[in-house]
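Read through the structure below, which is laid out as structure tokens, and then see the notes.
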Number of protein chains: 2
Amino acid sequence: MSDAISTKGFWTSLAAKNGLSQDDLEALLSLPVRRRNLGAGASVARNNSPAKSCSFLLSGFAYASKLLRDGARQIVSVHVPGDFVTLSGVFEAPIVDEIRMLTPGTVASVAAGALHHVLASHPAIQTALWRQTAIDASIFSEWLAAIGRRDAQSRVAHLLCEFAVRLRAVGLTNGKAFDLPMTQAQLADATGLTAVHVNRVLNALRQTGLVATDKRTIAINDWPGLVALADFDSAYLGMD
Amino acid sequence: MSDAISTKGFWTSLAAKNGLSQDDLEALLSLPVRRRNLGAGASVARNNSPAKSCSFLLSGFAYASKLLRDGARQIVSVHVPGDFVTLSGVFEAPIVDEIRMLTPGTVASVAAGALHHVLASHPAIQTALWRQTAIDASIFSEWLAAIGRRDAQSRVAHLLCEFAVRLRAVGLTNGKAFDLPMTQAQLADATGLTAVHVNRVLNALRQTGLVATDKRTIAINDWPGLVALADFDSAYLGMD
DNA sequence: CGGAGGCTTGAGCCCTTTCAATGTCTGTGG
DNA sequence: CCACAGACATTGAAAGGGCTCAAGCCTCCG
């Protein structure tokens, strides 16, 4: 797990991104954290145990999805190392049906009780978490526009653009290529398409010279072209 | 505007729903609020003026939408009286392209600065707002599943179910029927369909005896049937 | 009374799905 | 070292749900 970060690194980064004080940071660092190493496909949230907590990814990728009565699945978010996974889990039962690891990885969790205790005396920390939830909502609404109003090529291209930016932000790209550990069926569940059609779309993107793929590694050969096709503007990711 | 609520009523309701203390409530009531009466179609957010604020609907309906390069529109949320409209507007520039009134109504806003001042000393208030943002995110993700994985009838039925529940919660329904002041074109923009197809879907819902419509008034004649068609479960709305 | 926005309906097309089969890769066990 | 299984990727053919285009109608309002 060469790309793993530490709990301390996670909190430090959060503090830096939100301009938290040294006192705030120390409060975060003092929180009791439980680490778990999970395998690919493992469930991150324990549905039956109603213990509320807030968890984040130290390494590995995860996704959250909703299941429909007819068995269809919609992946509503994908989480990369350094992301919160269940942030609003502090409040109530998870709004999604399942949260699973895409790859092996490490999840850290803080019990809601301990967190609330810290938040009560550190408003700036709560603002930081609130802001993160707002960014999550922003990403949801961007996906909504993508799935509701873009065609298949545009949707897939948009997803690739988003991950290119997010992975670059956490240093998980060596210049041109990055790892997107999702099967085509999972990409389909994230874009509201079928696996067969995702395959054809990726084929088209390859033949147009926009991207190249090798296993689960994506190389973007024509960034401006992909951005244009996706109508992509990274503002909704709430970075810098 | 017989169904208008007051700013005081709004804060009191927020306090009640989140178990805020009397002290918290008084802090909310002391916030300087600007009220604006807007006509149908009026823009709620002033895109050019970067003044950050938090606003909510005292009366009337509004929607937030994203615009795509090709002119397509995706409505990502619809707001009913008593709802926050720009809650995450406290943080940065709005993530949506436009927020407009569906009907004439009154919008109240609190400047971000004044709000932050109160939040710094009232953690429970901030928690309440954060929780509301989490609910907004929950609704986004439910819409994501609807648009990504449900067929047209199911999507429209889902939207109708959601509004039936939300409007009942704020007392904007006289038993069986409620007002949904959206044109079919707007319903289409909210469900990721075309206006023509929404028309046909509504026709089908009428002919199946699930709903009856009169102008913009919707009467649900077969609630269990509509819920079944929509695969609807109101848990994601974060009520009770 | 005229115009504009919204609703309705029909016909044909097309993007995406469905169904089905084949190919590829990887790990496993004989 | 090969046979085998399972998961994933790929491809073709055909069907279909929703879209596009287009016309007609209704209703409200100035």
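The sequence lines fix the lettering, A, B, ..., with proteins before strands; numbering per chain opens at 1. Side-chain atoms are counted along with the backbone in the values below, which use heavy atoms only and exclude waters and symmetry mates.
Checking B:Lys215 against B:Arg150, the closest nucleotide of DNA chain D that is more toward the 5' end is the one next to B:Arg150. Nearer the 5' end of DNA chain C, as judged by each residue's closest nucleotide, is the contact made by B:Arg200, out of B:Arg200 and A:Ala195. Along DNA chain D, the nucleotide closest to A:Arg149 and the one closest to A:Gln184 are compared, and the more 5′ of them pairs with A:Gln184.
Counting any heavy atom pair closer than 4.0 Å across all strands shown, B:Gly41 reaches no nucleic acid atom. As judged by a 4.0 angstrom heavy-atom cut-off over every strand, A:Arg216 is placed among residues touching the sugar-phosphate backbone only. Within the 4.0 angstrom heavy-atom criterion, only backbone atoms of the sugar-phosphate kind lie near B:Leu193; the bases stay farther away.
Look at CG on B:Asp151: it is 21 Å from P on D:dA15, rounded to the nearest Å. One interatomic measurement links the two molecules: CG of B:Asn199 to P of D:dT20, which rounds to 15 Å at whole-angstrom precision. Following rounding to the nearest Å, A:Leu187 (CG) and D:dC8 (P) show an atom-to-atom distance of 12 Å. If you measure from atom NE2 of B:His197 to atom C1' of C:dT8, you get 14 Å, rounded to the nearest angstrom. In this structure, A:Asp70 places its CG atom 14 Å from P of C:dT17, rounding to the nearest Å. The separation between B:Leu202 atom CG and D:dG18 atom P is 14 Å, rounded to whole Å. Rounded to whole Å, the distance from CE on B:Met182 to P on C:dC7 is 11 Å. A straight line from CD of A:Gln186 to P of D:dC8 spans 7 Å, rounded to a whole angstrom.
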Should A:Ser53 and A:Ser109 be marked as a side chain to side chain donor-acceptor pair (under 3.5 Å) after you check the CA-CA gap, both sets of side-chain angles, and the distance that decides it? CA-CA 6 Å; A:Ser53 71; A:Ser109 343; 4.9 Å; no
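Cation-pi geometry between A:Arg168 and A:Trp223 is met: the NZ or CZ atom falls under 6.0 Å from the ring centre, inside 45° of the normal.
Using cut-offs of 30° and 60° for the angle between ring planes, the A:His158 and A:Phe232 rings count as perpendicular.
With respect to the salt-bridge test (charged N to carboxylate O, under 4.0 angstrom), the residues B:Lys66 and B:Glu98 do not qualify. With respect to the salt-bridge test (charged N to carboxylate O, under 4.0 angstrom), the residues B:Arg166 and B:Asp83 qualify.
At the phosphate of C:dC7, neither OP1 nor OP2 sits under 4.0 Å from any side-chain N or O atom of B:Arg206. Side-chain nitrogen and oxygen atoms of A:Asn203 include at least one within less than 4.0 Å of the OP1 or OP2 phosphate oxygen of D:dT11. OP1 and OP2 of D:dC8 both lie 4.0 Å or more from every side-chain N or O belonging to A:Thr183.
Using modelled atom types, no side-chain atom of B:Asn37 and backbone atom of B:Thr106 make a donor-acceptor pair closer than 3.5 Å.
Put simply, the residue from A:Asp222, A:Leu226, A:Val227, A:Ile220 that forms a side chain to side chain contact (heavy atoms under 4.5 Å, CB included) with A:Pro224 is A:Asp222.
Aromatic rings from B:Phe10 and B:Phe84 are positioned such that their centres are separated by under 6.0 Å.
Annotation: the terminal axes of the helix from C:dC1-D:dG30 to C:dG30-D:dC1 meet at 30°, where each axis is the rotation carrying the C1' atoms of four end pairs onto the next four (5 pairs per end, rounded to 10°).
You'll find that the side chain of A:Val196 is closest to C:dC19, out of D:dG18, D:dA22, C:dC19.
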